[in-house]
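Below is one structure, written out as structure tokens; comments come after it.
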Protein chains: 2
Amino acid sequence: MATIKDVAKHAGVSIATVSRVLNQSEKVRTETVNKVLYAIKELGYTPSALGRQLRTSCTKNILVIVPSISNGFYSAIIEGIKSKATKDGYNIVVGITNDDDIIEQEYIQFLDTKVVDGLIFLSPRRNRKYLKNYLDVYPIVQCNEYGLENAITTIAINNFKAAYDATKYLIDIGNKSIAFVGGEGDYTSVIQRKQGFEKALEEANLEVPKEYFQKTLFNFEGGKLACKYLLELTPAPTAIFAAADIIAIGAIKQIQNIGKQVGKDIDVIGFDDTLIAKIYSPSVTTVSQPRYEIGVIACEMLLLKINNIKIANESSASTSKKTLGYQDIIVPHKLEIRESTKKKEN
Amino acid sequence: MATIKDVAKHAGVSIATVSRVLNQSEKVRTETVNKVLYAIKELGYTPSALGRQLRTSCTKNILVIVPSISNGFYSAIIEGIKSKATKDGYNIVVGITNDDDIIEQEYIQFLDTKVVDGLIFLSPRRNRKYLKNYLDVYPIVQCNEYGLENAITTIAINNFKAAYDATKYLIDIGNKSIAFVGGEGDYTSVIQRKQGFEKALEEANLEVPKEYFQKTLFNFEGGKLACKYLLELTPAPTAIFAAADIIAIGAIKQIQNIGKQVGKDIDVIGFDDTLIAKIYSPSVTTVSQPRYEIGVIACEMLLLKINNIKIANESSASTSKKTLGYQDIIVPHKLEIRESTKKKEN
DNA sequence: TTGTACGCGTTATCAA
DNA sequence: TTGATAACGCGTACAA
């Protein structure tokens, strides 16, 4: 509980000198430095981040807003963010919203209350009109979505092209009737995946019955239900494109339940390449996103913004708005071919 | 960027009055209240948490230290912590250590720097002698381990009894030779599970060859490797007790790879009841921990400590140490029987 | 090279 | 019912 004052008194110097030693900002005689260092050790003193933050109006904290932490998809991105943040002396604060808009807004207010210096959204974007006021003022970055109305810097794969590639692959290995299972909630990324899916089928002159497009809960049960419905259709699809691995796995379990074989009777492809796709039995063909790298890049972009603002504030207060530009960054995706899909022999 | 001062000026009152309105602490004339409220809206003012925290020396932040966020086991606990914390107006800060002691220590210093009011460890405990100094001074709680040297409040299942129960079940369904696969690193919880395992076998007069005890990496590959080794032994075990679901799943994959059937040729049991155990194919018999509840209770205990300290500080500065007692809380476990184990017919 | 003094944005005490 | 003002712990311009 020792403060800088205690240290100063103990060392027989002023608090200014202690501060100088702490920050190595100006020259201090080595002799004095030692006195101060000794006093610090003696008292077990640690500078209060609070006082420092209030003074410098900079917390070295980054807020990461995520719908749920139980989702393997986000965790790798967070690890990426964390890695870059740590390197630059920043800590990350993870805000979990459970997809609740109110909670999300509360977290966003961390910017107002100066608890954090910047914000990274991992959550899919919804109708967030109020965000506009923040975008001009605070450093904010969005992961996994791009090309939307707000002027927000984004990092994502090309979801359209990724879905197109995956669908083309399903066609190439011999499928002519393919179903698409998306999640509920009109996330831009899922919409784009659906568009890529349609484009590939169109190019191959394959038609898709309306019933082949399924919306379901974004989880295991949702995948099971959607698959059950699809396999009871006549004709039933020979392949299922799921907009997420967990949905794909639900579908696989359902296929197994009715005694059919995945990769032989029916192909299933997922999305995101989460851990479970790799270790499931059968392992799941899926579209891989460089999640860790997405996190790293997102953090880099954010720190850039933070520093720009800092510099702008130091020079002139009026130009600060213009320093917050935005851009769309597209990272490469990759198709991971595994056991849940197999080339047909005819 | 408006401050309380701006609001005061705008409303034509003193900052003290603004503060009173904000905190509803003392009586303010409704007329004045309205003036202030109007000014607040007008300026888009949000109180700075920083100033407030500096003044009250209370951040309303809780630090949760976790080895990795990519681990399904921890996420549910975090959700539990978060739920309780939110109810009481606290935010949680998740610190990811990647099992690095240095990083962990840096996070612990958040207590010194007054960035957080308390700390919950989810990470398994290691040799943390330096912790002693913190335990007397700050509110700290440990999840998932108990009965150790330090006087730290803990919340966990009875790992010994849980493993005993699971092993007894394996014996009851007809297994006579059972192997134990633990993770590397001598985590107390794993050691206790091993002891429970041994106790059950001993009671059934079953002997376990030394080679049946395997240590391996705490992941999918580790499970595969350990299983490969075990199945090449003669005699090979008819059942495998894995100290974690992910290890069990590695083992299952390996069993499938060599063309044997899980639940028929070989039983496999996991630990923790993470999502993957439920949805894997086959689904995995496992010991369920009430992870969400563990999080809730941990948070409750921590908030209790935080409030105790607050009260102690208000009355007399000298008694604050004694208010930080400690206790071991044991929560119930449950055996979830699924497809990876099956009763033998003889 | 070092010390004095101010301010960061609050809350809380004391007077008025 | 309100206002003036002293803290909280720190960094830094300015003076010495």
Side-chain angles (χ1 to χ4, degrees), chain A residues 1-37 39-40 43-60 109-117 310 313-314 317, chain B residues 1-37 39-40 43-60 109-117 310 313-314 317:
Chain A
M1 311 294 188
T3 77
I4 197 172
K5 230 187 260 177
D6 302 323
V7 176
K9 197 183 289 177
H10 201 86
V13 299
S14 74
I15 61 164
T17 301
V18 178
S19 176
R20 279 189 270 259
V21 172
L22 252 30
N23 302 304
Q24 299 156 331
S25 49
E26 297 169 55
K27 290 269 172 227
V28 182
R29 218 176 354 152
T30 18
E31 202 182 323
T32 327
V33 172
N34 289 335
K35 269 199 299 188
V36 172
L37 257 29
I40 289 177
L43 298 175
Y45 165 74
T46 320
S48 155
L50 244 39
R52 189 171 277 175
Q53 287 168 11
L54 182 60
R55 178 62 226 223
T56 59
S57 63
C58 150
T59 64
K60 290 271 183 177
Q109 291 197 349
F110 277 28
L111 292 166
D112 292 318
T113 56
K114 313 296 177 204
V115 177
V116 299
D117 296 344
K310 221 181 275 176
N313 282 346
E314 276 166 14
Chain B
M1 312 288 190
T3 75
I4 198 172
K5 232 187 257 175
D6 301 323
V7 176
K9 199 182 288 174
H10 200 84
V13 298
S14 75
I15 58 166
T17 301
V18 178
S19 176
R20 277 190 270 260
V21 171
L22 286 166
N23 301 304
Q24 297 155 330
S25 50
E26 295 170 56
K27 290 266 172 234
V28 182
R29 217 172 2 148
T30 18
E31 202 183 321
T32 326
V33 171
N34 290 333
K35 271 198 300 187
V36 172
L37 255 30
I40 288 177
L43 298 175
Y45 165 74
T46 321
S48 156
L50 243 41
R52 191 170 274 178
Q53 286 167 13
L54 180 60
R55 178 61 225 220
T56 61
S57 64
C58 152
T59 64
K60 290 269 181 180
Q109 291 198 348
F110 277 27
L111 291 167
D112 291 319
T113 56
K114 311 298 175 205
V115 176
V116 298
D117 296 344
K310 222 182 272 174
N313 282 345
E314 276 165 13

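First the proteins, then the strands, lettered A, B, ... as listed; each starts at 1.
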Measure from CG on A/Leu54 to C1' on D/dC8 and round the result to the nearest Å. 9 Å

Within less than 4.0 Å of OP1 or OP2 of D/dG11, is there a side-chain N or O belonging to A/Arg52? yes

Excluding sequence neighbours, so at least two apart, what forms side chain to side chain contact (heavy atoms under 4.5 Å, CB included) with B/Glu26? B/Arg20

Rounded to whole Å, please give me the gap between NZ in B/Lys35 and P in D/dT1. 14 Å

Nearest-nucleotide wise, let me know which of B/Arg29 and A/Thr46 is further upstream toward the 5' end of DNA chain D. B/Arg29

Determine the contact category for B/Lys5: base if any of its heavy atoms lies under 4.0 Å from a base atom, sugar-phosphate if only primed atoms, P, OP1 or OP2 are that close, otherwise nothing. sugar-phosphate

Looking at D/dG9, I'd like to know if its phosphate oxygens (OP1 or OP2) sit under 4.0 Å from a side-chain N or O belonging to A/Ser48. no

Atom of B/Tyr45, atom of B/Ile4 and distance for their closest heavy-atom approach: CE1-N, 3.5 Å

How far does the helix from C/dT1-D/dA16 to C/dA16-D/dT1 bend, going by the axes of its first and last five pairs, to the nearest 10°? 50°

I'd like a table of donor-acceptor pairs (distance under 3.5 Å, sequence neighbours excluded) in which one partner is a side-chain atom from residues 48-57 of chain A, with atom names and distances.
residue, atom, partner, partner atom, Å
A/Ser48, OG, A/Leu50, N, 3.1
A/Ser48, OG, A/Gly51, N, 3.2
A/Thr56, OG1, A/Arg52, O, 2.8

Rounded to whole angstrom units, what separation is found between the CG atom of B/Asp112 and the P atom of D/dC10? 12 Å

Worked check of side chain to side chain contact (heavy atoms under 4.5 Å, CB included) between B/Ile40 and B/Leu22: CA-CA 10 Å; B/Ile40 288 177; B/Leu22 286 166; 4.0 Å; yes

Result block: side-chain N/O donor-acceptor pairs under 3.5 angstrom for residues 7-18 of chain A, not counting sequence neighbours:
residue, atom, partner, partner atom, Å
A/Ser14, OG, A/Ala16, N, 3.4
A/Ser14, OG, A/Thr17, N, 3.4
A/Ser14, OG, A/Thr17, OG1, 3.4

At a heavy-atom distance below 4.0 Å, which nucleotide of DNA chain C is the first touched by chain A, and which is the last? C/dT1 to C/dG9

A/Phe110: what forms a ring-ring contact (aromatic ring centres under 6.0 Å, His included) with it, not counting sequence neighbours? A/Tyr107

A/Asn23 atom CG is separated from D/dT12 atom P, nearest whole Å, by 6 Å

Is any side-chain heavy atom of A/Val115 closer than 4.5 Å to a side-chain heavy atom of B/Thr59? no

Looking at residues at least two apart in the chain, or sitting in another chain, which of them share a side chain to side chain donor-acceptor pair (under 3.5 Å) with B/Ser19? B/Asn23

With sequence neighbours excluded, what pairs up with A/Asp6 under the side chain to side chain donor-acceptor pair (under 3.5 Å) test? none

To the nearest angstrom, how far is A/Ile4 atom CD1 from D/dC8 atom P? 14 Å

Could you give the distance from CG (A/Leu43) to OG1 (A/Thr3), rounded to the nearest 0.5 Å? 9.0 Å

Distances under 3.5 Å between nitrogen or oxygen atoms of protein and nucleotides 3-6 of chain D:
residue, atom, partner, partner atom, Å
D/dG3, OP2, B/Ser14, N, 3.0
D/dG3, OP2, B/Ser14, OG, 3.1
D/dG3, OP2, B/Thr17, OG1, 2.5
D/dG3, N7, B/Arg20, NH2, 2.6
D/dG3, O6, B/Arg20, NH1, 3.3

For atom CG of A/Leu50 and atom C1' of D/dA7, their distance in whole Å: 14 Å

